[in-house]
Amino acid sequence: MKVLVIGSGGREHAIVDALSRSKQVDKIWCAPGNAGIALQAECVAIGVSECEKLADFAEANNIALTVVGPEAALAVGIVDLFKERGLKIVGPTKAAAQIECSKEFAKDLMHKYQIPTAAYKVFSEYEAARDYVRRTGVPTVLKYDGLAAGKGVVIAMTEAEADEALRDMLLDDKFGKGSVVIEEYLEGVEFSYMCFVSGHKVWPMVSAQDHKRACDGDKGPNTGGMGAYSPLPFITEEDERYALEQIMQPTADAMVKEGCPFEGILYGGLMKTAKGIKVIEFNARFGDPETEVVLPRLKSDIADAFMAVADHGSMQLEWHDFATLGIVLASKGYPGSYEKGFEIKGLEEAGRGAWIYHMGTKSTDKGFVTAGGRVMTVVGKGATLQEAREDARRRVEMIECENLFHRSDIGWRAFEK
(Lines give C-alpha, C1' and ligand atoms only; values in the text may rest on other atoms or scores of the structure.)
Protein backbone atom coordinates (compact mmCIF):
# COMPACT_ATOMS: atom_id res chain seq x y z
CA MET A 1 0.00 0.00 0.00
CA LYS A 2 1.17 3.52 -0.85
CA VAL A 3 0.14 6.16 1.68
CA LEU A 4 0.27 9.97 1.67
CA VAL A 5 0.26 11.89 4.97
CA ILE A 6 -0.56 15.59 4.82
CA GLY A 7 1.14 17.88 7.35
CA SER A 8 4.50 18.91 8.75
CA GLY A 9 4.47 18.61 12.54
CA GLY A 10 5.03 16.18 15.37
CA ARG A 11 1.53 14.78 14.95
CA GLU A 12 2.27 13.87 11.34
CA HIS A 13 5.65 12.40 12.31
CA ALA A 14 3.84 10.15 14.81
CA ILE A 15 1.33 9.12 12.11
CA VAL A 16 4.16 8.36 9.66
CA ASP A 17 5.98 6.40 12.36
CA ALA A 18 2.86 4.32 13.11
CA LEU A 19 2.34 3.65 9.39
CA SER A 20 5.97 2.59 9.06
CA ARG A 21 5.21 -0.26 11.50
CA SER A 22 2.42 -1.58 9.25
CA LYS A 23 3.15 -4.71 7.24
CA GLN A 24 0.70 -3.47 4.58
CA VAL A 25 2.47 -0.18 3.87
CA ASP A 26 5.51 -0.24 1.61
CA LYS A 27 5.77 3.44 0.66
CA ILE A 28 4.95 6.62 2.61
CA TRP A 29 4.99 10.16 1.28
CA CYS A 30 4.45 13.24 3.45
CA ALA A 31 3.48 16.68 2.18
CA PRO A 32 5.25 18.87 3.03
CA GLY A 33 6.79 16.87 5.90
CA ASN A 34 9.80 17.96 7.93
CA ALA A 35 13.44 17.01 8.46
CA GLY A 36 12.62 14.27 10.96
CA ILE A 37 9.79 12.83 8.90
CA ALA A 38 12.23 12.60 5.97
CA LEU A 39 14.00 9.80 7.87
CA GLN A 40 10.89 7.60 7.49
CA ALA A 41 9.01 8.96 4.48
CA GLU A 42 9.65 10.76 1.22
CA CYS A 43 8.77 14.42 1.69
CA VAL A 44 6.98 16.32 -1.07
CA ALA A 45 7.09 20.12 -1.31
CA ILE A 46 3.34 20.71 -1.48
CA GLY A 47 1.55 22.87 1.11
CA VAL A 48 -1.26 21.45 3.23
CA SER A 49 -3.85 23.77 1.64
CA GLU A 50 -2.80 23.17 -1.98
CA CYS A 51 -5.66 20.75 -2.51
CA GLU A 52 -5.50 20.41 -6.31
CA LYS A 53 -1.75 19.75 -6.28
CA LEU A 54 -2.14 17.17 -3.51
CA ALA A 55 -4.93 15.39 -5.39
CA ASP A 56 -2.88 15.44 -8.60
CA PHE A 57 0.07 13.92 -6.70
CA ALA A 58 -2.14 11.19 -5.19
CA GLU A 59 -3.47 10.28 -8.63
CA ALA A 60 -0.07 10.34 -10.34
CA ASN A 61 1.51 8.09 -7.70
CA ASN A 62 -1.38 5.62 -7.26
CA ILE A 63 -1.81 6.53 -3.60
CA ALA A 64 -4.11 3.97 -1.94
CA LEU A 65 -4.85 6.13 1.09
CA THR A 66 -4.30 9.73 2.20
CA VAL A 67 -4.35 10.76 5.87
CA VAL A 68 -4.93 14.41 6.79
CA GLY A 69 -3.09 15.77 9.82
CA PRO A 70 -3.78 19.51 10.26
CA GLU A 71 -7.08 21.34 10.61
CA ALA A 72 -6.04 23.94 8.00
CA ALA A 73 -6.31 21.36 5.21
CA LEU A 74 -9.71 20.17 6.45
CA ALA A 75 -11.05 23.72 6.69
CA VAL A 76 -10.43 24.37 2.98
CA GLY A 77 -12.21 21.19 1.92
CA ILE A 78 -9.41 18.85 0.91
CA VAL A 79 -11.51 15.79 1.78
CA ASP A 80 -14.38 16.99 -0.44
CA LEU A 81 -12.02 17.40 -3.40
CA PHE A 82 -10.34 14.01 -2.94
CA LYS A 83 -13.71 12.27 -2.72
CA GLU A 84 -14.97 14.07 -5.84
CA ARG A 85 -11.96 12.66 -7.66
CA GLY A 86 -12.46 9.13 -6.31
CA LEU A 87 -9.43 9.22 -4.02
CA LYS A 88 -9.52 7.45 -0.65
CA ILE A 89 -8.84 9.85 2.24
CA VAL A 90 -9.17 9.84 6.05
CA GLY A 91 -10.65 13.06 7.39
CA PRO A 92 -13.97 14.90 7.67
CA THR A 93 -15.53 16.97 4.90
CA LYS A 94 -15.48 20.76 5.13
CA ALA A 95 -19.04 20.67 6.52
CA ALA A 96 -18.16 18.09 9.18
CA ALA A 97 -14.93 19.90 10.09
CA GLN A 98 -17.08 22.77 11.34
CA ILE A 99 -17.14 20.92 14.65
CA GLU A 100 -13.63 22.33 15.11
CA CYS A 101 -13.55 25.28 12.73
CA SER A 102 -16.62 26.93 14.27
CA LYS A 103 -16.97 26.98 18.05
CA GLU A 104 -20.52 28.29 17.56
CA PHE A 105 -21.46 25.31 15.36
CA ALA A 106 -20.06 22.89 17.96
CA LYS A 107 -21.84 24.55 20.89
CA ASP A 108 -25.15 24.73 19.02
CA LEU A 109 -24.84 21.05 18.09
CA MET A 110 -24.19 20.06 21.71
CA HIS A 111 -27.07 22.20 22.95
CA LYS A 112 -29.48 20.72 20.37
CA TYR A 113 -28.55 17.10 21.14
CA GLN A 114 -28.08 17.53 24.90
CA ILE A 115 -24.40 16.64 24.91
CA PRO A 116 -22.95 17.82 28.25
CA THR A 117 -20.98 21.08 27.94
CA ALA A 118 -20.67 24.49 29.58
CA ALA A 119 -23.37 27.15 29.19
CA TYR A 120 -22.48 29.72 26.52
CA LYS A 121 -23.40 32.79 24.50
CA VAL A 122 -22.01 34.08 21.17
CA PHE A 123 -21.01 37.69 20.44
CA SER A 124 -19.70 39.55 17.41
CA GLU A 125 -19.70 43.05 18.94
CA TYR A 126 -17.10 44.07 21.52
CA GLU A 127 -19.35 46.28 23.67
CA ALA A 128 -22.09 43.65 24.01
CA ALA A 129 -19.53 40.97 24.91
CA ARG A 130 -17.83 43.24 27.46
CA ASP A 131 -21.16 44.12 29.11
CA TYR A 132 -22.12 40.44 29.28
CA VAL A 133 -18.87 39.58 31.09
CA ARG A 134 -19.45 42.43 33.55
CA ARG A 135 -22.97 41.16 34.27
CA THR A 136 -22.10 37.47 34.60
CA GLY A 137 -18.72 37.92 36.30
CA VAL A 138 -15.38 36.15 36.21
CA PRO A 139 -13.72 33.71 35.90
CA THR A 140 -15.01 33.09 32.39
CA VAL A 141 -13.82 31.39 29.21
CA LEU A 142 -13.48 33.26 25.91
CA LYS A 143 -13.10 31.34 22.63
CA TYR A 144 -12.43 32.82 19.22
CA ASP A 145 -14.93 31.27 16.78
CA GLY A 146 -12.48 29.90 14.25
CA LEU A 147 -9.05 28.34 13.85
CA ALA A 148 -6.30 29.87 15.98
CA ALA A 149 -3.60 27.16 16.14
CA GLY A 150 -4.59 26.20 19.70
CA LYS A 151 -4.17 29.76 20.98
CA GLY A 152 -7.68 31.19 20.58
CA VAL A 153 -8.93 30.30 24.07
CA VAL A 154 -8.49 32.60 27.08
CA ILE A 155 -9.46 31.68 30.63
CA ALA A 156 -9.99 35.15 32.12
CA MET A 157 -9.71 35.29 35.89
CA THR A 158 -10.26 39.08 36.02
CA GLU A 159 -12.40 41.56 34.10
CA ALA A 160 -9.21 43.21 32.84
CA GLU A 161 -8.00 39.90 31.32
CA ALA A 162 -11.41 39.34 29.74
CA ASP A 163 -11.45 42.85 28.30
CA GLU A 164 -7.97 42.46 26.82
CA ALA A 165 -8.95 39.15 25.18
CA LEU A 166 -12.18 40.59 23.77
CA ARG A 167 -10.26 43.53 22.32
CA ASP A 168 -7.79 41.11 20.70
CA MET A 169 -10.54 38.98 19.20
CA LEU A 170 -13.24 41.51 18.28
CA LEU A 171 -11.52 44.87 17.81
CA ASP A 172 -7.97 44.04 16.72
CA ASP A 173 -8.91 40.84 14.84
CA LYS A 174 -5.86 39.03 16.24
CA PHE A 175 -6.99 35.72 14.72
CA GLY A 176 -9.03 37.19 11.88
CA LYS A 177 -12.55 38.58 11.58
CA GLY A 178 -14.94 36.50 13.66
CA SER A 179 -17.14 36.17 16.70
CA VAL A 180 -16.45 35.05 20.26
CA VAL A 181 -18.07 32.30 22.32
CA ILE A 182 -18.24 33.23 26.01
CA GLU A 183 -18.56 30.14 28.18
CA GLU A 184 -19.29 29.29 31.76
CA TYR A 185 -16.06 28.55 33.65
CA LEU A 186 -15.83 24.89 34.64
CA GLU A 187 -13.53 23.45 37.29
CA GLY A 188 -12.01 20.01 37.02
CA VAL A 189 -9.29 18.06 35.26
CA GLU A 190 -9.04 18.14 31.47
CA PHE A 191 -8.21 15.16 29.28
CA SER A 192 -8.09 14.30 25.59
CA TYR A 193 -10.21 11.48 24.24
CA MET A 194 -9.69 10.73 20.55
CA CYS A 195 -11.78 8.32 18.50
CA PHE A 196 -11.72 6.88 15.01
CA VAL A 197 -15.15 7.70 13.58
CA SER A 198 -16.98 6.61 10.45
CA GLY A 199 -20.58 7.84 10.44
CA HIS A 200 -22.33 6.11 13.35
CA LYS A 201 -19.30 3.92 14.11
CA VAL A 202 -16.98 5.11 16.90
CA TRP A 203 -13.78 3.38 18.06
CA PRO A 204 -12.07 5.00 21.07
CA MET A 205 -8.34 5.40 21.59
CA VAL A 206 -6.60 5.52 24.96
CA SER A 207 -6.93 8.82 26.81
CA ALA A 208 -4.12 11.36 27.20
CA GLN A 209 -3.53 14.77 28.75
CA ASP A 210 -1.96 17.82 27.11
CA HIS A 211 -0.19 20.74 28.85
CA LYS A 212 -1.02 24.05 27.15
CA ARG A 213 0.83 26.58 29.30
CA ALA A 214 4.42 27.40 28.37
CA CYS A 215 5.99 27.17 31.83
CA ASP A 216 6.12 24.86 34.86
CA GLY A 217 3.19 25.03 37.24
CA ASP A 218 0.83 25.75 34.33
CA LYS A 219 2.09 29.32 34.18
CA GLY A 220 2.79 31.53 31.18
CA PRO A 221 0.96 31.95 27.86
CA ASN A 222 -1.04 29.30 26.02
CA THR A 223 0.89 27.29 23.44
CA GLY A 224 0.13 24.56 20.94
CA GLY A 225 1.06 22.08 23.70
CA MET A 226 4.24 21.53 25.74
CA GLY A 227 3.87 17.83 26.48
CA ALA A 228 1.46 14.97 27.06
CA TYR A 229 1.20 11.54 28.65
CA SER A 230 -0.91 8.38 28.66
CA PRO A 231 -2.59 6.65 30.49
CA LEU A 232 -4.26 8.89 33.06
CA PRO A 233 -4.61 7.43 36.58
CA PHE A 234 -7.48 9.78 37.47
CA ILE A 235 -9.61 8.76 34.46
CA THR A 236 -11.33 5.45 35.22
CA GLU A 237 -12.78 2.86 32.85
CA GLU A 238 -16.19 4.14 33.95
CA ASP A 239 -15.18 7.69 32.96
CA GLU A 240 -14.07 6.51 29.53
CA ARG A 241 -17.27 4.50 29.05
CA TYR A 242 -19.34 7.57 29.95
CA ALA A 243 -17.29 9.73 27.54
CA LEU A 244 -17.87 7.19 24.77
CA GLU A 245 -21.56 6.52 25.37
CA GLN A 246 -22.76 9.98 26.44
CA ILE A 247 -20.46 12.26 24.43
CA MET A 248 -18.52 10.79 21.50
CA GLN A 249 -21.17 8.36 20.19
CA PRO A 250 -24.05 10.88 20.50
CA THR A 251 -21.92 13.49 18.73
CA ALA A 252 -21.18 11.14 15.83
CA ASP A 253 -24.90 10.30 15.62
CA ALA A 254 -25.79 14.00 15.72
CA MET A 255 -23.46 14.77 12.83
CA VAL A 256 -25.20 12.11 10.72
CA LYS A 257 -28.59 13.58 11.60
CA GLU A 258 -27.36 17.06 10.65
CA GLY A 259 -26.45 15.79 7.19
CA CYS A 260 -22.68 16.09 7.64
CA PRO A 261 -21.54 12.65 8.87
CA PHE A 262 -18.10 12.67 10.46
CA GLU A 263 -15.36 10.44 9.06
CA GLY A 264 -11.87 10.63 10.50
CA ILE A 265 -10.50 11.42 13.94
CA LEU A 266 -12.88 13.09 16.37
CA TYR A 267 -10.99 14.64 19.27
CA GLY A 268 -12.90 15.30 22.47
CA GLY A 269 -11.31 17.89 24.74
CA LEU A 270 -13.14 16.90 27.91
CA MET A 271 -13.21 17.93 31.56
CA LYS A 272 -14.02 15.75 34.54
CA THR A 273 -15.96 18.05 36.86
CA ALA A 274 -17.75 17.48 40.17
CA LYS A 275 -20.97 17.33 38.12
CA GLY A 276 -19.67 14.82 35.59
CA ILE A 277 -17.67 14.85 32.36
CA LYS A 278 -18.33 17.76 29.99
CA VAL A 279 -17.04 18.87 26.60
CA ILE A 280 -14.60 21.76 26.50
CA GLU A 281 -14.07 21.56 22.73
CA PHE A 282 -14.03 19.23 19.76
CA ASN A 283 -11.28 18.96 17.17
CA ALA A 284 -11.67 17.32 13.78
CA ARG A 285 -8.26 15.61 13.74
CA PHE A 286 -5.54 14.06 15.89
CA GLY A 287 -4.35 16.29 18.75
CA ASP A 288 -0.78 17.51 18.98
CA PRO A 289 1.16 16.56 21.14
CA GLU A 290 -1.30 13.87 22.31
CA THR A 291 -0.83 11.83 19.13
CA GLU A 292 2.85 11.49 19.97
CA VAL A 293 2.04 9.59 23.19
CA VAL A 294 -1.10 7.74 22.03
CA LEU A 295 0.03 6.15 18.75
CA PRO A 296 3.18 4.53 20.24
CA ARG A 297 0.79 2.62 22.50
CA LEU A 298 -1.24 1.27 19.55
CA LYS A 299 -0.54 -2.44 19.12
CA SER A 300 -2.94 -2.86 16.17
CA ASP A 301 -2.00 -2.04 12.59
CA ILE A 302 -2.96 1.60 12.06
CA ALA A 303 -3.42 1.01 8.33
CA ASP A 304 -6.32 -1.33 9.19
CA ALA A 305 -7.86 1.40 11.34
CA PHE A 306 -7.54 4.06 8.66
CA MET A 307 -9.00 1.75 6.00
CA ALA A 308 -11.93 0.87 8.28
CA VAL A 309 -12.72 4.58 8.62
CA ALA A 310 -12.43 5.22 4.89
CA ASP A 311 -14.40 2.11 3.88
CA HIS A 312 -17.02 2.22 6.69
CA GLY A 313 -15.66 -1.11 7.84
CA SER A 314 -14.89 -2.50 11.27
CA MET A 315 -11.85 -2.69 13.53
CA GLN A 316 -10.60 -4.14 16.78
CA LEU A 317 -8.05 -1.93 18.49
CA GLU A 318 -5.42 -3.40 20.79
CA TRP A 319 -3.16 -1.28 22.99
CA HIS A 320 0.16 -1.82 24.72
CA ASP A 321 -0.11 -1.54 28.50
CA PHE A 322 3.10 0.49 28.90
CA ALA A 323 2.95 4.20 29.71
CA THR A 324 4.26 7.03 27.53
CA LEU A 325 5.21 10.60 28.39
CA GLY A 326 6.29 13.21 25.86
CA ILE A 327 8.21 16.43 26.56
CA VAL A 328 8.16 19.18 23.95
CA LEU A 329 11.41 21.06 23.33
CA ALA A 330 10.64 24.59 22.13
CA SER A 331 12.66 27.58 20.96
CA LYS A 332 13.28 30.19 23.67
CA GLY A 333 10.70 32.94 23.27
CA TYR A 334 7.92 30.63 22.02
CA PRO A 335 4.95 31.20 21.73
CA GLY A 336 6.17 34.74 21.04
CA SER A 337 9.07 35.66 18.74
CA TYR A 338 12.10 33.36 18.62
CA GLU A 339 15.30 32.81 16.66
CA LYS A 340 16.02 29.84 14.39
CA GLY A 341 19.04 27.97 13.13
CA PHE A 342 20.54 26.63 16.38
CA GLU A 343 22.37 23.32 16.08
CA ILE A 344 20.86 20.31 17.87
CA LYS A 345 23.20 17.59 19.08
CA GLY A 346 22.68 14.21 20.72
CA LEU A 347 19.53 13.16 18.88
CA GLU A 348 20.79 9.77 17.75
CA GLU A 349 21.69 8.66 21.26
CA ALA A 350 18.57 10.21 22.83
CA GLY A 351 16.26 8.50 20.35
CA ARG A 352 17.73 5.03 20.67
CA GLY A 353 14.95 2.66 21.77
CA ALA A 354 12.38 5.46 22.06
CA TRP A 355 10.60 8.07 19.95
CA ILE A 356 11.64 11.58 18.98
CA TYR A 357 9.04 13.29 16.82
CA HIS A 358 10.20 16.37 14.92
CA MET A 359 8.00 19.46 14.78
CA GLY A 360 10.22 22.35 13.69
CA THR A 361 13.66 21.21 12.54
CA LYS A 362 15.75 21.63 9.41
CA SER A 363 18.46 19.34 8.08
CA THR A 364 21.80 20.98 7.21
CA ASP A 365 25.38 19.89 6.49
CA LYS A 366 26.03 20.10 10.24
CA GLY A 367 22.95 18.08 11.14
CA PHE A 368 19.59 19.20 12.52
CA VAL A 369 18.95 22.83 13.48
CA THR A 370 15.93 24.56 14.99
CA ALA A 371 13.39 25.86 12.47
CA GLY A 372 10.20 26.51 14.44
CA GLY A 373 8.60 27.39 17.77
CA ARG A 374 7.96 23.86 18.94
CA VAL A 375 10.97 21.90 17.75
CA MET A 376 10.42 18.26 18.78
CA THR A 377 8.70 15.93 21.23
CA VAL A 378 10.83 13.46 23.16
CA VAL A 379 8.73 10.46 24.22
CA GLY A 380 9.77 8.12 27.01
CA LYS A 381 8.09 4.86 27.95
CA GLY A 382 7.95 2.61 30.99
CA ALA A 383 5.89 0.04 32.84
CA THR A 384 4.56 2.95 34.92
CA LEU A 385 4.13 6.67 34.32
CA GLN A 386 6.94 7.30 36.79
CA GLU A 387 9.29 5.19 34.66
CA ALA A 388 8.07 6.87 31.47
CA ARG A 389 8.71 10.31 32.95
CA GLU A 390 12.21 9.34 34.08
CA ASP A 391 12.94 7.87 30.65
CA ALA A 392 11.76 11.02 28.85
CA ARG A 393 13.70 13.32 31.17
CA ARG A 394 16.87 11.25 30.76
CA ARG A 395 16.59 11.44 26.98
CA VAL A 396 15.92 15.20 27.03
CA GLU A 397 19.14 15.68 29.01
CA MET A 398 21.09 13.96 26.21
CA ILE A 399 20.02 16.63 23.72
CA GLU A 400 22.26 19.68 23.44
CA CYS A 401 20.99 22.98 22.01
CA GLU A 402 21.56 26.42 23.46
CA ASN A 403 18.21 27.85 22.39
CA LEU A 404 15.71 25.25 23.59
CA PHE A 405 13.55 25.15 26.71
CA HIS A 406 11.02 22.65 28.07
CA ARG A 407 8.68 22.08 30.95
CA SER A 408 10.09 19.84 33.67
CA ASP A 409 6.71 18.99 35.21
CA ILE A 410 4.87 17.18 32.39
CA GLY A 411 2.46 14.71 33.99
CA TRP A 412 2.40 16.50 37.34
CA ARG A 413 -1.30 15.78 37.93
CA ALA A 414 -0.61 12.05 37.81
CA PHE A 415 1.94 12.37 40.62
CA GLU A 416 -0.08 14.57 42.99
CA LYS A 417 -0.57 13.07 46.42
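What you see is a predicted model; the values in this text were computed from it and never measured.
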Please determine, by modelled atom types, if Tyr120 and Glu104 share a side-chain donor-acceptor pair under 3.5 angstrom. no
Using modelled atom types and a 3.5 Å cut-off, is there a donor and acceptor pairing between side-chain atoms of Asp216 and backbone atoms of Ser408? yes
Consider only side-chain N and O atoms of Thr93 and Asp80, and report whether a donor and an acceptor are under 3.5 Å apart. no
Carefully, step by step, assess Glu183 and Lys107 under the rule salt bridge (charged side-chain N to carboxylate O under 4.0 Å, His left out). CA-CA 10 Å; Glu183 279 189 9; Lys107 295 297 286 191; 3.1 Å; yes
Around atom NZ of Lys332, are there more than 12 heavy atoms from other residues, nucleotides or ligands closer than 6.0 Å? yes
Go through the side-chain N and O atoms of Tyr113 and Glu258 and say whether any donor and acceptor fall under 3.5 Å apart. yes
Under a 3.5 Å distance rule, please check whether Lys2 uses its side chain to pair with a backbone N or O of Ile28 as donor and acceptor. no
Could you go through the salt bridge (charged side-chain N to carboxylate O under 4.0 Å, His left out) check for Arg374 and Asp288 one step at a time? CA-CA 11 Å; Arg374 291 189 301 167; Asp288 190 351; 3.7 Å; yes
Could you go step by step and tell me if Arg395 and Asp391 meet the salt bridge (charged side-chain N to carboxylate O under 4.0 Å, His left out) rule? CA-CA 6 Å; Arg395 294 176 188 280; Asp391 187 42; 3.0 Å; yes
Are there more than 12 heavy atoms of other residues, nucleotides or ligands under 6.0 Å from atom NZ of Lys278? yes
With no hydrogens and no angle check, do the side chains of Asn34 and His358 hold a donor and an acceptor under 3.5 Å apart? no
Consider only side-chain N and O atoms of Asp172 and Tyr126, and report whether a donor and an acceptor are under 3.5 Å apart. no
Which residue pairs satisfy the salt bridge (charged side-chain N to carboxylate O under 4.0 Å, His left out) criterion with at least one member in residues 217-243, sequence neighbours excluded? Asp218-Arg407, Asp218-Arg413, Asp239-Lys272
Test Lys212 against Asp210 for salt bridge (charged side-chain N to carboxylate O under 4.0 Å, His left out), laying out the working first. CA-CA 6 Å; Lys212 284 293 183 190; Asp210 183 16; 3.4 Å; yes
Does the Asn403 side chain pair with the main chain of Ser331, one donor and one acceptor, at a distance under 3.5 Å? no
If you measure only the distance, is there a donor-acceptor pair under 3.5 Å linking the side chains of Arg213 and Thr223? no
Quiz: residues 315-323 side-chain donor-acceptor pairs under 3.5 angstrom, not counting sequence neighbours:
none

The reported gap from OG1 in Thr66 to CZ in Phe82 (rounded to nearest 0.5 angstrom) is 4.5 Å
Test item: Thr273 side-chain N/O and Gly276 main-chain N/O as donor-acceptor pair under 3.5 Å: yes
I'd like to know if the side chain of Asp17 pairs up with that of Gln40 as donor and acceptor (distance under 3.5 Å, no hydrogens or angles considered). yes
Would you mind reporting whether Arg285 and Val68 have side-chain heavy atoms less than 4.5 Å apart? no
Using the test ring pair (Phe, Tyr, Trp, His ring centres under 6.0 Å), find all partners of Phe123 that sit at least two apart in sequence or belong to another chain. Tyr132
Kindly say whether Glu161 contributes a backbone atom to a donor-acceptor pair with the side chain of Glu164 at under 3.5 angstrom? no
Has Lys27 got its NZ or CZ under 6.0 Å from the middle of the six-membered ring of Trp29, at an angle within 45 degrees of the ring axis? yes
